[in-house]
Amino acid sequence: MKTAFYCVADARYFLGAVGTINSLRIVGHTEPVVLLDCGLTAAQRDLLAPHATLVDAPVDSPPTLLKTIAPRERPAETMVLIDTDMIVTRSLDAIVDEAARGRVVAFRNDMDRHVAEWGEALGLGRLPRRPYLAFALVCMDRGLAQPVLGRVAELQGRIDIDRTMWGRDEPGYPLRYADQDVLNAVLADEVDGELVTAHDARLTPVPPFPGVELRDAATLRCAYADGTEPYALHHFIVKPWLERTHHGIYSRLLHRCLAGPDLAIRVPAEMVPLRFRRGPLAYLERKRVNAGQRLRWHVREPLAARLRGPGRESGG
């Protein structure tokens, strides 16, 4: 394979995976998709199988630590690792071409993070400070991907998942962000900084997607006021297909990718929450959810904060 996309999903993330894959097809990507199955149902596998190569995940492993498996088992010349809570909003050809020239291409996280203890925690020694990259959308040339992902897979065994943000979220834990911290440490240790491209975080924005406007729902095109177009929207933490969230720009695009008329993967309506279906009842459900969210933002939470009084927000 010249280029392939790699993602991970279980039964709960099925609709996110459908949204990601359909968005890739809408913006013009026809390359193979390799999906690591961490517990899809038989019906979900049947829907995905014609559109993705399904690879079985190891048993009893947290999905957040399994991103390295599919690209190492089914390598392409250029590998794009993408999270299944991302909607791609324009062609990724530019970053694929950049990575194909022997580079790692990724996007800065919206926080600047460097932990001196990474070296000790991972047995790597002192590490240079580099831009802190998100592990949500990463593109690598095979020559770099194989050693980097192999090392990440090896060192992830040192993560105490219960201390990470996926567990009790211990603020001082050096590997609080789990595989993302390990990836950044490995890149700092093993890859010349000149071979790593760190694109601006605003090109893969996260909630509440400040300044991003939907320009064309049919093509998924989004842009900032200055004309900059992000590559993808990343709805990390809360997942709109699992929880009732404000029907904002990401949810509008997810609706397009789950209920549009021209989709690669067509999911039966009964497998999709009402608010992401087509028709008047779905429209009314979206309005109802948005009204509830506005009430929470403008009335319930401010009132609760006033009742707690100053200095009591953290339970003191």
Side-chain angles (χ1 to χ4, degrees), residues 1-10 13 16-38 40 45 47-58 61 63-107 133-156 179-180 182-184 186-187 190-192 195-199 203-204 231-232 234 264-265:
M1 294 184 290
K2 182 179 179 182
T3 302
F5 291 87
Y6 301 85
C7 55
V8 178
D10 59 13
Y13 275 64
V18 171
T20 299
I21 296 170
N22 277 342
S23 72
L24 285 168
R25 301 312 186 214
I26 289 170
V27 302
H29 283 288
T30 59
E31 298 91 343
V33 174
V34 183
L35 186 146
L36 190 73
D37 174 6
C38 297
L40 297 166
R45 285 180 63 93
L47 288 168
L48 288 170
H51 308 280
T53 298
L54 302 181
V55 176
D56 291 334
S61 297
T64 189
L65 300 183
L66 299 179
K67 292 180 183 180
T68 66
I69 292 177
R72 294 169 67 217
E73 287 194 8
R74 306 291 178 94
E77 292 305 310
T78 308
M79 298 185 250
V80 186
L81 283 65
I82 184 167
D83 281 2
T84 48
D85 53 5
M86 301 192 90
I87 297 292
V88 178
T89 54
R90 68 171 168 122
S91 172
L92 303 177
D93 283 346
I95 67 170
V96 170
D97 291 344
E98 189 175 9
R101 295 192 291 271
R103 305 186 62 81
V104 175
V105 183
F107 299 82
L133 305 176
F135 202 174
L137 178 56
V138 180
C139 191
M140 301 186 193
D141 165 76
R142 181 174 180 173
L144 286 173
Q146 295 290 67
V148 167
L149 295 179
R151 192 73 169 131
V152 170
E154 174 190 348
L155 294 178
Q156 283 182 157
D179 60 333
Q180 184 165 274
V182 174
L183 172 69
N184 278 273
V186 168
L187 289 174
E190 298 201 3
V191 180
D192 187 327
L195 297 179
V196 180
T197 299
H199 286 295
L203 294 177
T204 52
Y231 283 103
H234 182 200
I265 306 172

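Predicted model only: the values in this text are computed from it and were never measured.
In this structure a side-chain-to-backbone donor-acceptor pair under 3.5 Å is missing from Asp10 to Cys38. At least one donor-acceptor pair closer than 3.5 Å links the side chain of Thr20 to the backbone N or O of Met86. No donor-acceptor distance shorter than 3.5 angstrom exists from the side chain of His51 to the backbone of Ile21, with no hydrogens or angles considered. Side-chain atoms of Thr89 come within 3.5 Å of backbone atoms of Tyr231 as a donor-acceptor pair (strictly under, hydrogens ignored). Judged by distance alone, the side chain of Ser91 and the main-chain N or O of Val27 form no donor-acceptor pair under 3.5 Å. Formation of a donor-acceptor pair under 3.5 Å by the Gln156 side chain with backbone atoms of Asp179 is not found in this model. Between the side chain of Tyr6 and the backbone N or O of Arg74 there is at least one donor-acceptor pair closer than 3.5 Å.
Nearest heavy atoms, Cys7 versus Thr84: CB-CG2, 3.6 Å. The shortest heavy-atom contact between Ala134 and Ala106 is O-CB, 4.4 Å. Here the closest heavy-atom approach between residue Pro63 and residue Val8 is recorded as O-CG1, 4.0 Å. In plain terms, the two heavy atoms of Asp141 and Ala100 that are nearest each other are OD1-O, 4.0 Å. Looking at every heavy atom in both residues, Leu40 comes nearest to Asp37 through N-OD1, 2.7 Å. Nearest heavy-atom pair across Met79 and Pro71 is SD-O, 3.5 Å.
The OG1 atom of Thr68 sits 10.5 Å away from the CD atom of Gln146 when rounded to the nearest 0.5 Å. Atom OG1 of Thr204 and atom NE2 of His199 lie 10.0 Å apart (nearest 0.5 Å). Interatomic distance, OG of Ser23 versus CD1 of Ile82, reported as 6.0 Å (0.5 Å rounding). Taking CE of Met1 as the start and OG1 of Thr3 as the end, the distance is 9.5 Å to the nearest 0.5 Å. One finds the CG atom of Leu24 at 9.0 Å from the CD1 atom of Ile87 (value rounded to the nearest 0.5 Å). The line from OG1 of Thr78 to CE of Met140 is 12.0 Å long, rounded to the nearest 0.5 Å.
No salt bridge links Lys2 with Glu77; every basic N to acidic carboxylate O contact stays at or beyond 4.0 Å.
Applying the salt bridge (Lys or Arg N to Asp or Glu O under 4.0 Å) rule to pairs touching residues 84-102 yields Asp85-Lys239, sequence neighbours excluded.
A heavy-atom distance below 4.5 Å is found between the side chains of Leu48 and Val18. Leu137 places none of its side-chain heavy atoms less than 4.5 Å from the side chain of His234. Leu149 has its side chain within reach of Leu81: a pair of non-hydrogen atoms, C-beta onward, lies under 4.5 Å apart. Inter-residue side-chain proximity for Val105 and Val96 is flagged as unmet; no heavy-atom pair is nearer than 4.5 Å. Taking the side chain as every heavy atom from C-beta outward, Val138 and Leu133 never approach each other to under 4.5 Å.
Ring orientation note: the planes of His29 and Phe5 are nearly perpendicular, at an angle over 60° on the 30°/60° scale.
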query = Stepwise, does the side-chain contact (heavy atoms from CB on, under 4.5 Å) test hold for Ile26 with Val88?
reply = CA-CA 9 Å; Ile26 289 170; Val88 178; over 6 Å; no
task = In sequence, state the C-alpha distance, the side-chain angles, and the governing distance for Glu154 and Val186, and then conclude on side-chain contact (heavy atoms from CB on, under 4.5 Å).
result = CA-CA 11 Å; Glu154 174 190 348; Val186 168; over 6 Å; no
message = What verdict does the side-chain contact (heavy atoms from CB on, under 4.5 Å) test give for Lys67 and Gln180, after you've listed the backbone C-alpha separation in whole Å, the side-chain angles of each residue and the deciding distance to 0.1 Å?
response = CA-CA 10 Å; Lys67 292 180 183 180; Gln180 184 165 274; over 6 Å; no
